[in-house]
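Please read the structure below before turning to the comments.
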Amino acid sequence: MDDVESSILVRLKIADRLPTPKGVALEVINLTQREDVSNHEIARMVGADPALSARVIKAANVLLSNPSRPVATISDAVTVLGARALRQLVLGIALIVDYRNGPCKSFDYQYFWARSLLTGIAAKHLVARARLAVPEEIFVLGLLGNIGRLALATAYPDEYGKLMARMQGVSMGELQRQEQDVLGCDEAELSEAILADMNFPKVFQMLAHDYLTPEHSKLAEGSREWRLLHLLYVASLLADACLAKPDERGRLVAKLRLSAARVAVEGDQLVEIGDVCIHDWLEWLELLNMKMVHIPPFTEMFSQPDVPDVAVEVPQWVDVGRDHYKMRVLVVEDDRAMLVLLEAMLKAAGHEVLTARNGVEAMQVVEAQHPQLVITGWSLPVMDGVTLCRKLRESSARRDVYVFILTAKETADSLVEAFEAGADDYLVKPVSQRVFFARLRAAQRVVQLQEELAYDREQLLRFSRDLAASNERLQRLALTDALTELPNRRSAVERLEQEWALAKRGDRMLSCMMVDIDHFKSINDKLGHQAGDEVLKNVALALRHSARTQDLVCRYGGEEFVVICPDTDLRAAAQCAERLRQKVSELSCQGRGSTISLTISVGVAELRPDMSSVDVLLARADACLYAAKEAGRNRVVVGK
């Protein structure tokens, strides 16, 4: 508490304009500040006011929620609650009784105390579930945490009444700025100062100052104080949602869902806590003779549709531009608030977000959308998160998906189970924003590396395929004649050597033809080389179509061709040669006003035992070709 707040508090106390306990309640508070006071003295002092002692006994029983032995006397209450909790409880009850009405006509004192009571009850149950503090003390903090507003309404009834009328519907931050401008202090500062003056613990003073505007708090995220602050904020939102008008409730329930999800209070748990809070609150209203208010069951409130733009209130990621790599992220969560919270944080980080409500839906999304990261809750309907993780790891196509598992328990056994199922990382609820984004960046690096490796692997495969195709093309070009598209001389020699080896090893027959186009030089001279090329292509086509399936027709060079005839004796080869000759004789070449008939001369030889190499066989066929040329061309000569 700074000097400005202290001076304001002093001025208000001097002017007797602060809400303070009176009578026996004030004496009890002063008494409990003594270090040497006994429980018996406290009980005797409270007992001096029968109405106060009756309320304290009833309140203790409500606060303790079905103790094993009901509190029957003030002594029991002192023993069970402790002197500090009893002192705070007496203070709260005394203020409610003494200040349920006041001078500010625009200030709804009944609503203020109804909301404060519900906030305290909700804070008690939330903190008890989280085991962060003494629930009974947190109840009083929730009850008196906004006492600065009551103090402003009491101390400045006219000014504050006008301010409240003018500031309807504005944010808490804007209201506090206006309070500073008009009155010189705001309700948060005054709440902190009053609690300090009442000797509340320093941490309670700080929480009272910040809990209605937790976004301005500088507490370390995830710390005990941070969690207490946000639980108090959730308690205040719960009270706002319960007491809101029906047309405003949907927006407040959506806001409550999101804020509760940040502190790991999920939908079913929130409904359970909310119903208990309403029950306890009604008992408190009866205890304090306050006006009863009807509140619908929490299940009914939660069935209302959320307002879509509430999600923008989720804290944004300040490092969105740093090392950014956009991922497709699948969030699998059956709790709507947690789903919205995670989706909002991921979108704030610049990622594409897909959602599913259970493991079966998630598998369908994975098959259709191929996410790179999956963030899944542990407990899911139909198929839980661990089973989903195992399913993802069963397929090689989905094995690279990075998987986060969300869990509320960080036991060694549960973590081992998650990692053995194939999880890459885990997040413990409540999800810390800083930790979430730090682990998200780690996942992002791994996913990006996997994508780069996959791209490099694809590039290598593509290069390998292109290289193989190029090699095949080069091989084909090296063994193919470009003009006639027949195997060339090199190919002919290689194939003839293969057939020679097979024939020798298997004692099989092998024949070979040498073919020459008759008068080819005169065709080039009379009609031109382009016509000569056409003659070569036409003759090559005729030879290929007329040859047998097992025969190989090759261009040997110039106007010469080789025909290799595996498993063929000399007589059968001669018959094939004659068929080729006749087919070519049907062709002609036209150009420059003349027509030239085409013919070929063919020499045929077969493999003989005395032949030592392929060259000898080719030489024998070539000699037969020469003989055909000498005999007048357009004929077949067979070697003897």
Practice item. Could you check whether the rings of Tyr402 and Phe404 sit parallel, tilted or perpendicular, using 30° and 60° as the cut-offs? Key: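 Ring orientation of Tyr402 relative to Phe404: perpendicular.
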Exercise for review: Just do the side-chain contact (heavy atoms from CB on, under 4.5 Å) check on Ser379 and Asp334 with the steps written out, would you?
Suggested key: CA-CA 8 Å; Ser379 300; Asp334 66 324; over 6 Å; no
With no hydrogens and no angle check, do the side chains of [X] and [Y] hold a donor and an acceptor under 3.5 Å apart?
X      : Y      : result
Ser116 : Thr119 : no
Asp384 : Thr387 : yes
Gln269 : Arg129 : yes
Gln180 : Gln176 : no

Distance-minimising heavy-atom pair for [X] and [Y]:
X      : Y      : answer
Cys389 : Val403 : SG-CG1, 4.0 Å
Gln178 : Met167 : CG-CE, 3.2 Å
Val332 : Gly359 : CG1-N, 4.3 Å
Ile375 : Leu346 : CD1-CD1, 4.1 Å
Ala72  : Ile57  : O-CD1, 3.6 Å
Arg224 : Ala133 : NH2-CB, 3.7 Å

Practice item. For Ser259 and Leu256, indicate whether the former's side chain and the latter's backbone hold a donor-acceptor pair under 3.5 Å. Key: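 No, Ser259 side chain to Leu256 backbone: no donor-acceptor pair under 3.5 Å.
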Point to revise | Backbone N/O of Gln433 and side chain of Glu221: donor-acceptor pair under 3.5 Å | key: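 Such a contact is found between Glu221 side chain and Gln433 backbone.
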Check your understanding: Is the number of heavy atoms from other residues, nucleotides or ligands within 6.0 Å of CD (Glu352) greater than 12?
Key ->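 Atom CD in Glu352 is crowded, with more than 12 foreign heavy atoms closer than 6.0 Å.
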Review point. Taking atom CG of Asp275 as the centre, does the number of heavy atoms from other residues, nucleotides or ligands within less than 6.0 Å exceed 12?
Key: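 Result for CG/Asp275: enclosed.
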Are any non-hydrogen side-chain atoms of [X] and [Y] less than 4.5 angstrom apart?
X      : Y      : value
Cys242 : Arg249 : no
Leu228 : Val127 : yes
Glu137 : Phe204 : yes
Cys185 : Leu152 : yes

Check your understanding: Could you walk me through whether Trp284 and Leu118 pass the side-chain contact (heavy atoms from CB on, under 4.5 Å) check?
Key -> CA-CA 9 Å; Trp284 273 99; Leu118 193 46; over 6 Å; no
Review point. Is it true that Arg166 and Glu174 make a salt bridge, defined as a side-chain N closer than 4.0 Å to a carboxylate O?
Key: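 Between Glu174 and Arg166 there is no salt bridge, as every charged N stays at least 4.0 Å from the carboxylate O atoms.
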Review point. In chain order, what residues pass the ring pair (Phe, Tyr, Trp, His ring centres under 6.0 Å) check against Trp378, with sequence neighbours excluded?
Key: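 Testing Trp378 for ring pair (Phe, Tyr, Trp, His ring centres under 6.0 Å), a comparison that skips the adjacent residues, returns none.
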Practice item. Kindly indicate whether a cation-pi arrangement holds for Arg262 with Tyr233, taking the cut-offs as under 6.0 Å to the six-membered ring centre and within 45° of the axis. Key: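 Because its charged atom misses either the 6.0 Å distance or the 45° angle limit, Arg262 does not stack over Tyr233.
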Check your understanding: Would Leu117 and Met290 satisfy side-chain contact (heavy atoms from CB on, under 4.5 Å), going step by step from the backbone distance to the final call?
Key -> CA-CA 11 Å; Leu117 266 173; Met290 295 175 66; 3.8 Å; yes
Check your understanding: At what distance, to the nearest 0.5 angstrom, does NZ of Lys326 lie from CD of Gln372?
Key ->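 With rounding to 0.5 Å, NZ (Lys326) is 10.5 Å from CD (Gln372).
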Check your understanding: Among Val234, Ile138, Ile121, Leu132, which one satisfies side chain to side chain contact (heavy atoms under 4.5 Å, CB included) with Leu126?
Key ->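 Going through the options one by one, the only one that passes is Val234.
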Exercise for review: For Asn146, check side-chain contact (heavy atoms from CB on, under 4.5 Å) against everything at least two apart and list the hits.
Suggested key: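 Here the qualifying residues are Phe112, Arg149, Glu187, Ser191, Tyr211, Leu212.
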**Study point:** side-chain contact (heavy atoms from CB on, under 4.5 Å) assessment of Arg257 paired with Val340
**Key:** CA-CA 9 Å; Arg257 283 180 186 276; Val340 171; over 6 Å; no
**Study point:** Residue pairs involving residues 100-112 (criterion side chain to side chain donor-acceptor pair (under 3.5 Å); sequence neighbours excluded)
**Key:**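 As it turns out, there is no side chain to side chain donor-acceptor pair (under 3.5 Å) pair with a partner in residues 100-112 once direct neighbours are skipped.
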